[in-house]
A.B. asks: 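One structure, pasted below without further comment.
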Amino acid sequence: MRSEHYTVSITADRTALTDPARLAAVRRYEILDAPADGQFDTIAVAAAAVCGTPIATVSIVDADRVWFAAAKGLDGVAQVGTEPGLCASAFCAEGSYVVNDAVTDPRTLDHPLVRGELGLRFYAAAPIVTADGHHLGTVTAIDAMPRELTETQTTVLGHLADQVAQHLELRLATIKAVRAERQLRDDAEQRAAAAAELAAQMRAAAAVQATTPHPEHCQLGGTTDCTEPAEIKIADSWGDSAWGCTTHVEEAILNVRSVFIASEELGGLDAYVHRSGKR
């Protein structure tokens with residue numbers, strides 16, 4: 001009969017599986033169901049070689065499945081269930097998790113991989129833990145024969161799990177860098193499009209306003225008088241208006257949200273005054 005401690009352990013495993021913070025950590029690396037790129041294959045091969053087993057995996061534990069980022073000796077198997085006792089229990093361990101003989105160990109004797117065609121007997125896993133303490137999965141060595149690990153083998157298995165965690169951090173940094181670069185490119189394209197549109201509007205306004213009486217020089221120089229010719233009239237939402245050169249008009253429109261070109265097409269000051277009921 002299984003102990004009360006084992007029942008409590010199963011409950012703890014299920015709680016860890018579905019912890020929202022842990023699942024968010026799993027998803028931030030965008031590794032689940034990602035196309036295989038071979039970066040974890042060497043770790044699975046190394047785990048099998050170190051432990052002397054025919055099967056080894058790099059596993060990421062989701063809420064309802066264990067997905068293999070890499071697997072040696074499990075051709076065609078991409079994922080397994082989250083029945084307690086193996087990966088779904090090992091991933092949240094604070095250190096190595098070893099089952100020397102699964103058919104006699106109360107944690108695993110009813111597990112489908114033990115009772116099923118695979119006939120799993122030996123299982124050893126080291127948890128993959130992020131820098132901020134989230135348990136993502138395991139590096140695992142598996143055999144159909146019972147066996148034991150030496151202290152050195154257990155230590156190396158832990159180092160391999162640490163290597164996976166480091167690979168994932170590099171993956172995350174690359175994802176962030178690519179997205180930041182894409183955002184900068186998109187922002188630059190949007191700014192260029194906005195600048196081109198504004199330039200076209202300013203050219204159109206200057207052509208329309210060329211025959212309108214206006215001051216000779218720009219009125220937008222601030223404390224420093226601008227001697228450039230006044231070409232375009234602008235206004236703001238308070239009803240103030242001024243004539244400016246193309247440089248100062250562009251600066252005003254880009255830097256002050258309420259400023260707009262006071263042309264007939266865009267409404268301008270006269271339309272604002274009429275809307276405000278000031279005439």
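Computed from a predicted structure; not experimentally measured. Only this structure's heavy atoms are used, side chains among them; waters, hydrogens and symmetry mates stay out. One-based numbering along the sequence shown.
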A.B. asks: Are any of the side-chain heavy atoms of Pro54 and Asp143 separated by less than 4.5 Å?
C.D. replies: yes

A.B. asks: With the side chain counted from C-beta on, respond yes when Leu220 and Thr247 share a heavy-atom pair under 4.5 Å apart, and no when they do not.
C.D. replies: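 A side-chain contact is absent here, since even the closest heavy-atom pair is not under 4.5 Å.
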
A.B. asks: Under 4.5 Å between side-chain heavy atoms, hopping through other hydrophobics if needed: is there a path connecting Leu120 to Ile55?
C.D. replies: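 Per the 4.5 Å side-chain linkage, Leu120 and Ile55 are co-clustered.
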
A.B. asks: Could you report the tightest heavy-atom contact between Ala34 and Arg171, atom names first, then the distance?
C.D. replies: CB-NH2, 3.7 Å

A.B. asks: Can you tell me how the ring of His214 sits relative to the ring of Trp243, calling it parallel under 30°, perpendicular over 60° and tilted otherwise?
C.D. replies: parallel

A.B. asks: For residues Lys72 and Ala44, report the shortest heavy-atom separation together with the two atoms involved.
C.D. replies: N-CB, 4.3 Å

A.B. asks: Kindly compute the distance separating CD (Glu169) from OG1 (Thr130), expressed to the nearest 0.5 Å.
C.D. replies: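 Reported to 0.5 Å precision, the distance equals 6.5 Å.
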
A.B. asks: Is there side-chain contact between Tyr123 and Asn100, with heavy atoms separated by less than 4.5 Å?
C.D. replies: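 Sidechains of Asn100 and Tyr123: no contact.
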
A.B. asks: How close do Ala56 and Ala48 get, counting heavy atoms only, and between which atoms?
C.D. replies: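 Answer, listing the atom of Ala56 first, then Ala48: CB-N, 3.6 Å.
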
A.B. asks: Is there a path from Phe40 to Leu32 through hydrophobic residues (I, L, V, M, F, W, Y) whose side chains come within less than 4.5 Å of each other?
C.D. replies: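 Yes; Leu32 is reachable from Phe40 via cluster members.
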
A.B. asks: Closer than 4.0 angstrom, basic N to acidic O: yes or no for Asp62 and Arg22?
C.D. replies: no

A.B. asks: Can you check side chain to side chain contact (heavy atoms under 4.5 Å, CB included) on Leu160 and Val164, steps first, answer last?
C.D. replies: CA-CA 6 Å; Leu160 291 173; Val164 174; 5.9 Å; no

A.B. asks: Quick one: are His135 and Glu94 in side-chain contact, heavy atoms under 4.5 Å?
C.D. replies: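 His135 vs Glu94: side chains touch.
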
A.B. asks: Listed by chain and number, what are the salt bridge (Lys or Arg N to Asp or Glu O under 4.0 Å) partners of Arg182, not counting sequence neighbours?
C.D. replies: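 With sequence neighbours excluded, Arg182 shows a salt bridge (Lys or Arg N to Asp or Glu O under 4.0 Å) to no residue whatsoever.
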
A.B. asks: How many angstroms lie between CD in Glu231 and SG in Cys218, if you round to the nearest 0.5 Å?
C.D. replies: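 SG of Cys218 is found 9.5 Å from CD of Glu231.
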
A.B. asks: Rounded to the nearest 0.5 Å, how far apart are OG1 of Thr53 and CZ of Phe122?
C.D. replies: 7.0 Å

A.B. asks: Consider side-chain contact (heavy atoms from CB on, under 4.5 Å). Of Val61, Leu23, Asp64, which one does Leu17 pass it with?
C.D. replies: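 Of the listed options, the one satisfying the test is Val61.
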
A.B. asks: Cluster question for you: counting only ILVMFWY and a side-chain heavy-atom cut-off of under 4.5 Å, with indirect links fine, are Val66 and Val58 together?
C.D. replies: no

A.B. asks: Do you know the tightest heavy-atom contact between Pro127 and Ala90?
C.D. replies: CB-O, 4.2 Å

A.B. asks: Which residues pass the salt bridge (Lys or Arg N to Asp or Glu O under 4.0 Å) test with Arg191, not counting sequence neighbours?
C.D. replies: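 None.
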
A.B. asks: What residues form a side-chain contact (heavy atoms from CB on, under 4.5 Å) with Ala71, not counting sequence neighbours?
C.D. replies: Thr57, Phe68, Leu74

A.B. asks: Going by the rule ring-ring contact (aromatic ring centres under 6.0 Å, His included), which residues pair with Trp67 if we only count those two or more places apart in sequence or in a different chain?
C.D. replies: none

A.B. asks: Within the 4.5 Å heavy-atom criterion, are Glu250 and Leu198 side-chain neighbours or not?
C.D. replies: yes

A.B. asks: Can you check side chain to side chain contact (heavy atoms under 4.5 Å, CB included) on His217 and Cys226, steps first, answer last?
C.D. replies: CA-CA 7 Å; His217 298 297; Cys226 179; over 6 Å; no

A.B. asks: Side-chain donor-acceptor pair under 3.5 Å between Thr140 and Thr138, yes or no?
C.D. replies: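 Yes, a side-chain donor-acceptor pair sits under 3.5 Å.
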
A.B. asks: Within 45° of the axis and under 6.0 Å from the centre of the six-membered ring of Tyr97, does NZ or CZ of Arg107 qualify?
C.D. replies: yes

A.B. asks: Just jot down the salt bridge (Lys or Arg N to Asp or Glu O under 4.0 Å) partners of Asp41, sequence neighbours excluded, or say none.
C.D. replies: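 Asp41 satisfies salt bridge (Lys or Arg N to Asp or Glu O under 4.0 Å) with no other residue.
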
A.B. asks: Are side-chain heavy atoms of His167 and Ile43 found at a separation under 4.5 Å?
C.D. replies: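 Touching, per the 4.5 Å side-chain cut-off.
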
A.B. asks: Salt-bridged, Glu30 to Arg179, with N to O below 4.0 Å?
C.D. replies: yes

A.B. asks: In chain order, what residues pass the salt bridge (Lys or Arg N to Asp or Glu O under 4.0 Å) check against Asp132, with sequence neighbours excluded?
C.D. replies: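 Listed in chain order: Arg28.
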
A.B. asks: Are Ile261 and Met202 close enough that some pair of their side-chain heavy atoms sits under 4.5 Å apart?
C.D. replies: yes

A.B. asks: Is the CD atom of Glu251 crowded by more than 12 outside heavy atoms at less than 6.0 Å?
C.D. replies: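 Yes, because the 6.0 Å sphere around CD of Glu251 holds more than 12 heavy atoms from other groups.
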
A.B. asks: Closest heavy-atom contact between Ala69 and Ile60?
C.D. replies: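 For Ala69 versus Ile60, the nearest heavy atoms are CB-CG1, 4.5 Å.
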
A.B. asks: side-chain contact (heavy atoms from CB on, under 4.5 Å) with Ser258: which of Ile253, Asp236, Asp240?
C.D. replies: Asp236

A.B. asks: Just wondering, do Arg121 and Met145 contact through their side chains at under 4.5 Å, heavy atoms?
C.D. replies: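 Side-chain contact under 4.5 Å: no.
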
A.B. asks: NZ of Lys233 to CZ of Phe260: how many Å apart, nearest 0.5 Å?
C.D. replies: 10.5 Å

A.B. asks: State, to 0.1 Å, how close Ala206 and Ile232 come at their nearest heavy-atom pair, and which atoms those are.
C.D. replies: CB-CG1, 4.0 Å

A.B. asks: Counting only N and O atoms by type, is there a donor-acceptor contact under 3.5 Å from the side chain of Glu216 to the main-chain atoms of Ala230?
C.D. replies: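 Such a contact is absent between Glu216 side chain and Ala230 backbone.
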
A.B. asks: Are Gln183 and Asp187 close enough that a side-chain donor and a side-chain acceptor fall under 3.5 Å?
C.D. replies: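 A donor-acceptor contact under 3.5 Å links the two side chains.
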
A.B. asks: Decide whether Ile142 and Val50 are clustered together by the hydrophobic rule: side chain heavy atoms of Ile, Leu, Val, Met, Phe, Trp, Tyr closer than 4.5 Å, transitively.
C.D. replies: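 Different hydrophobic clusters.
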
A.B. asks: Could you go through the side chain to side chain contact (heavy atoms under 4.5 Å, CB included) check for Ser96 and Leu157 one step at a time?
C.D. replies: CA-CA 8 Å; Ser96 59; Leu157 199 63; 5.9 Å; no

A.B. asks: Do Tyr29 and Val139 land in one hydrophobic cluster if side-chain heavy atoms of ILVMFWY residues count as linked below 4.5 Å?
C.D. replies: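 Same hydrophobic cluster.
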
A.B. asks: Counting only heavy atoms not in Glu189 (residues, nucleotides, ligands), do more than 12 fall under 6.0 Å from its CD?
C.D. replies: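 Counting neighbours around CD of Glu189, more than 12 heavy atoms of other residues, nucleotides or ligands fall under 6.0 Å, so yes.
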
A.B. asks: Could you grab the distance from atom CG of Leu136 to atom CZ of Arg27, nearest 0.5 Å is fine?
C.D. replies: 11.0 Å

